[in-house]
Enquirer: 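First, the structure itself, so that you have it in front of you.
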Amino acid sequence: MAHFRLVLDETSMGSSLQIFFLLCLLGSLSLCYGYDPLDPNGNVTIKWDIMQSNGDTYDVRVSVFNFQLFRHVEKPGWRLSWDWVNDEVIWNMWGAQATQQGNCSRFKGQRPHSCEKSPVIVDLLPGTPYNTQVANCCKGGVLSSFNQDPSKHGSMFQMNVGGATNSTSFTIAENFTLGLDGYTCGNAQSVPASQFTADGGRRWTQAISTWNVTCIYSQFRASPNPKCCVSLSAFYNNTIVPCPKCSCRCQGLSGAECLRPGEVLQMPHDPTDHPPALVRCTNHMCPIRVHWHVKQSYQAYWRVKITITNFNVIRNYSEWNLVVQHPNLRSLTEVYSFTYQPLYVHGYVNNTGMFWGIKSFNDLLLQSGESGNVQTEMLLRKEPSDFTFREGWAFPRKISFNGDDCVMPQPDDYPRLPNAAMAHDHRILNLPLSIIITLLPLINHFLELFLR
Ligand SMILES: *[C@@H]1O[C@H](CO)[C@@H](O)[C@H](O)[C@H]1NC(C)=O
Ligand SMILES: *[C@@H]1O[C@H](CO)[C@@H](O)[C@H](O)[C@H]1NC(C)=O
Ligand SMILES: *[C@@H]1O[C@H](CO)[C@@H](O)[C@H](O)[C@H]1NC(C)=O
Ligand SMILES: *[C@@H]1O[C@H](CO)[C@@H](O)[C@H](O)[C@H]1NC(C)=O
Ligand SMILES: *[C@@H]1O[C@H](CO)[C@@H](O)[C@H](O)[C@H]1NC(C)=O
Ligand SMILES: *[C@@H]1O[C@H](CO)[C@@H](O)[C@H](O)[C@H]1NC(C)=O
Ligand SMILES: *[C@@H]1O[C@H](CO)[C@@H](O)[C@H](O)[C@H]1NC(C)=O
Ligand SMILES: *[C@@H]1O[C@H](CO)[C@@H](O)[C@H](O)[C@H]1NC(C)=O
């Protein structure tokens with residue numbers, strides 16, 4: 001009975017996935033690009049507030065807000081860019097800076113901060129001199145996920161713009177990009193003017209006009225290869241089910257390099273760039289492995305241990321997070337050494353939650369090595385309505401690390417209870433899921449081609 005429930009669950013999960021991909025392939029690209037069922041409204045919004053006009057120049061306040069529940073922006077951070085429509089130049093900037101001054105030869109005397117047609121703006125680092133700052137600025141381009149630290153999910157800078165042939169009309173720039181893998185930004189939309197509070201809320205001022213630009217993330221756009229995989233074990237079976245072979249890449253295939261035991265790392269390090277992953281050689285070749293161990297059973301509770309291991313030798317993951325789907329999460333009783341927050345997602349019946357590290361204790365997942373892992377244990381209450389150790393029910397339905405889905409082992413391979421007498425007549429039912437899982441990489445590649 002319990003078994004059938006599981007299989008049906010997974011099959012229906014699988015087929016909704018399938019329908020989803022089908023819709024993508026049938027050409028409704030807007031449906032598939034960037035859609036994450038666990039964070040359907042997730043986006044990064046760029047807000048462009050025209051604050052005041054000074055005759056031939058005007059002031060713009062630009063804010064970047066991360067409205068994604070569990071995806072964050074890590075070092076080296078955003079590199080915001082746009083195309084000016086007229087001949088605008090940036091006279092001055094506070095809280096951020098343009099990477100290039102560009103050709104300002106048409107100006108005599110004082111030269112603008114940047115005359116680039118498509119300026120690239122980078123955030124200032126924390127602790128830059130006070131006179132170059134504005135409120136809520138200077139975070140090195142790093143934005144926390146909305147759930148993890150709402151106070152750090154936004155950043156702001158201000159600039160003085162001039163030089164446009166027609167400075168009485170504020171033409172909004174075009175073609176915004178965040179300079180982050182996987183994000184695409186839409187067109188600027190005119191929205192109701194922002195209001196700002198001054199004098200402790202006793203006075204409100206208002207922007208002259210406001211535009212919003214919405215940017216959406218797509219895992220497929222960011223990388224065709226997964227970045228994480230799941231391995232499983234249980235106290236009732238001494239088989240450790242490893243991550244599927246070639247979960248992320250295959251050793252030796254198309255330049256997939258890895259660090260063999262004993263090999264020494266030599267790396268030219270450019271701090272302004274995300275170093276590409278260099279992983280230790282494994283069968284799965286993933287930078288991140290999540291291990292789910294069903295550790296113990298008590299009368300009314302059961303205990304799970306989760307270990308996240310970093311196989312990337314050149315990268316620390318700051319403010320990492322894990323999103324887990326399991327039906328028993330609704331009865332989660334205790335979580336040790338991680339922070340936990342349920343995700344209330346429409347259509348998912350309280351079976352999804354988010355874990356992340358405790359500040360200055362384990363919120364930094366160190367590069368591969370002796371301390372390159374973090375772990376937690378949790379206690380879940382057995383609900384008589386559905387609890388069972390049978391047929392893999394105790395294993396997670398889905399796991400993502402930093403918002404990217406992890407590759408799961410095939411349900412057929414899950415550690416089995418010793419007496420698995422009834423575990424054989426349902427392979428046919430399992431088939432669709434297996435097929436879908438087998439086909440996923442193919443579908444991935446197809447999508448990649450489509451999205452180029
Ligand atoms: C962006 O996210 C915010 C917060 O979840 C939401 O209110 C807004 O509607 C989203 N924008 C779009 C265009 O989806
Ligand atoms: C924005 O990008 C499009 C397509 O690349 C281009 O045709 C257009 O000129 C760009 N806009 C500006 C203001 O440069
Ligand atoms: C700089 O711009 C001026 C026109 O404003 C142009 O004559 C000159 O060739 C440009 N210089 C370079 C190096 O592009
Ligand atoms: C400047 O823009 C305003 C408003 O769009 C327009 O009415 C005016 O004709 C423009 N002036 C020039 C010189 O293009
Ligand atoms: C524009 O963005 C701001 C935050 O960046 C948000 O609060 C506001 O709701 C957005 N407006 C619209 C109409 O989406
Ligand atoms: C990771 O963090 C540790 C401790 O802060 C530091 O010593 C190490 O250099 C960092 N590694 C990388 C690749 O940034
Ligand atoms: C999910 O949990 C919330 C808060 O505990 C509760 O109000 C809601 O009824 C639950 N929904 C379902 C479908 O169980
Ligand atoms: C443990 O699980 C594996 C994988 O499902 C299975 O092949 C094996 O028979 C199980 N061991 C026992 C003792 O049941």
Side-chain angles (χ1 to χ4, degrees), residues 66 68 70-79 122-123 125-126 139-145 148-149 152 178-183 217 219 221-231 243 246-251 254-291 306-323 338 355-376 399-407:
N66 182 12
Q68 301 176 103
F70 44 78
R71 203 168 282 112
H72 63 304
V73 176
E74 268 185 89
K75 274 196 272 189
W78 49 262
R79 290 166 69 84
V122 292
D123 202 359
L125 297 174
K139 298 171 175 175
V142 172
L143 299 174
S144 178
S145 74
Q148 253 162 293
D149 193 345
K152 291 201 189 137
L178 285 172
L180 301 168
D181 283 347
Y183 289 86
Y217 178 81
Q219 187 176 340
R221 271 178 187 273
S223 155
N225 300 106
K227 296 177 188 136
C228 143
C229 64
V230 178
S231 57
C243 285
C246 297
S247 288
C248 297
R249 309 187 75 165
C250 291
Q251 261 186 59
S254 55
E257 289 181 2
C258 57
L259 200 69
R260 276 163 226 294
E263 257 178 348
V264 188
L265 168 72
Q266 17 176 296
M267 168 197 48
H269 192 68
D270 179 2
T272 62
D273 201 26
H274 246 322
L278 178 58
V279 298
R280 291 194 184 279
C281 297
T282 54
N283 275 336
H284 54 79
M285 291 286 281
C286 293
I288 295 292
R289 182 188 67 196
V290 181
H291 185 76
I306 302 176
T307 308
I308 310 173
T309 308
N310 187 358
F311 286 90
N312 193 344
V313 289
I314 54 173
R315 167 117 188 246
N316 293 331
Y317 292 86
S318 57
E319 288 196 44
W320 59 267
N321 70 61
L322 208 63
V323 172
F338 283 4
F355 298 84
W356 65 89
I358 293 169
K359 201 153 231 79
S360 357
F361 172 53
N362 57 4
D363 65 332
L364 185 67
L365 174 52
L366 290 174
Q367 67 203 84
S368 181
E370 228 164 79
S371 354
N373 65 80
V374 288
Q375 44 190 270
T376 181
I399 289 189
S400 71
F401 178 82
N402 283 350
D404 285 325
D405 288 348
C406 302
V407 177

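Computed from a prediction, not measured in an experiment: that's the story for all the values here.
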Enquirer: Quick check: closest heavy atoms across Cys258 and Arg280, and the distance to 0.1 Å?
Expert: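 In this case the closest contact between Cys258 and Arg280 is CB-C, 4.0 Å.
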
Enquirer: Between Asn402 and Glu74, what is the shortest heavy-atom contact and its length?
Expert: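 Taking every non-hydrogen atom into account, ND2-OE2, 3.8 Å.
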
Enquirer: Starting at OG1 of Thr307, measure out to CZ of Arg289 and round the result to the nearest 0.5 Å.
Expert: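 CZ of Arg289 is found 8.0 Å from OG1 of Thr307.
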
Enquirer: Should Ser400 and Asp405 be marked as a side chain to side chain contact (heavy atoms under 4.5 Å, CB included) after you check the CA-CA gap, both sets of side-chain angles, and the distance that decides it?
Expert: CA-CA 4 Å; Ser400 71; Asp405 288 348; 3.8 Å; yes

Enquirer: Which heavy atom of Cys406 sits nearest a heavy atom of Phe401, and at what distance?
Expert: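 Answer, listing the atom of Cys406 first, then Phe401: SG-N, 3.7 Å.
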
Enquirer: Taking it one step at a time, do Cys286 and Cys248 satisfy disulfide bond (SG atoms under 2.5 Å apart)?
Expert: CA-CA 5 Å; Cys286 293; Cys248 297; 1.9 Å; yes

Enquirer: Checking Val122 now: which residues fulfil side-chain contact (heavy atoms from CB on, under 4.5 Å) with it, not counting sequence neighbours?
Expert: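 side-chain contact (heavy atoms from CB on, under 4.5 Å) check on Val122 returns Arg79, Gln97, Thr99.
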
Enquirer: Can you tell me how far the CD1 atom of Ile306 sits from the CZ atom of Phe338, to the nearest 0.5 Å?
Expert: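 CZ of Phe338 is found 7.0 Å from CD1 of Ile306.
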
Enquirer: Can you tell me how far the CH2 atom of Trp356 sits from the CH2 atom of Trp320, to the nearest 0.5 Å?
Expert: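 Here the interatomic distance stands at 10.0 Å.
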
Enquirer: Between the main-chain N or O of Gln367 and the side-chain N or O of Asn316, is there a donor-acceptor pair closer than 3.5 Å?
Expert: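 Yes: the side chain of Asn316 pairs with the backbone of Gln367.
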
Enquirer: Stepwise, does the disulfide bond (SG atoms under 2.5 Å apart) test hold for Cys243 with Cys229?
Expert: CA-CA 6 Å; Cys243 285; Cys229 64; 2.1 Å; yes

Enquirer: Does Lys139 offer a backbone N or O that forms a donor-acceptor pair with the side chain of Asp123 under 3.5 Å?
Expert: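 Pair found, side chain donor or acceptor close to backbone of Lys139.
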
Enquirer: Working to the nearest 0.5 angstrom, can you tell me the gap between Leu180 CG and Tyr217 OH?
Expert: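 Atom-to-atom, Leu180:CG and Tyr217:OH are 10.0 Å apart.
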
Enquirer: Charged N to carboxylate O below 4.0 Å: is that the case for Glu319 and Lys152?
Expert: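 Salt bridge absent between Glu319 and Lys152.
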
Enquirer: Please report the closest heavy-atom contact between Leu366 and Asn310, naming both atoms and the distance.
Expert: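 Taking Leu366 first and Asn310 second, the nearest heavy atoms are O-ND2, 2.9 Å.
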
Enquirer: Dump the intermediate steps for side chain to side chain contact (heavy atoms under 4.5 Å, CB included) on Asp149 and Lys359, then the final yes or no.
Expert: CA-CA 11 Å; Asp149 193 345; Lys359 201 153 231 79; 4.3 Å; yes

Enquirer: If you measure from CG on Leu365 to OG on Ser371, what distance do you get to the nearest 0.5 Å?
Expert: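 Rounded to the nearest 0.5 Å, the CG-OG separation comes to 10.0 Å.
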
Enquirer: Distance-only, no hydrogens or angles: does the His72 side chain make a donor-acceptor pair with backbone N or O of Ser318 under 3.5 Å?
Expert: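 At least one qualifying donor-acceptor pair exists.
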
Enquirer: Kindly compute the distance separating CD1 (Ile314) from CG (Leu278), expressed to the nearest 0.5 Å.
Expert: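 Here the interatomic distance stands at 5.5 Å.
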
Enquirer: For the residue pair Asn321 and Gln148, what are the closest heavy atoms and their distance?
Expert: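 Looks like ND2-OE1, 3.1 Å.
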
Enquirer: Ignoring hydrogens, what is the shortest heavy-atom contact between Gln219 and Asp404? Give both atom names and the distance.
Expert: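 Minimum heavy-atom contact is CG-OD1, 3.2 Å.
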
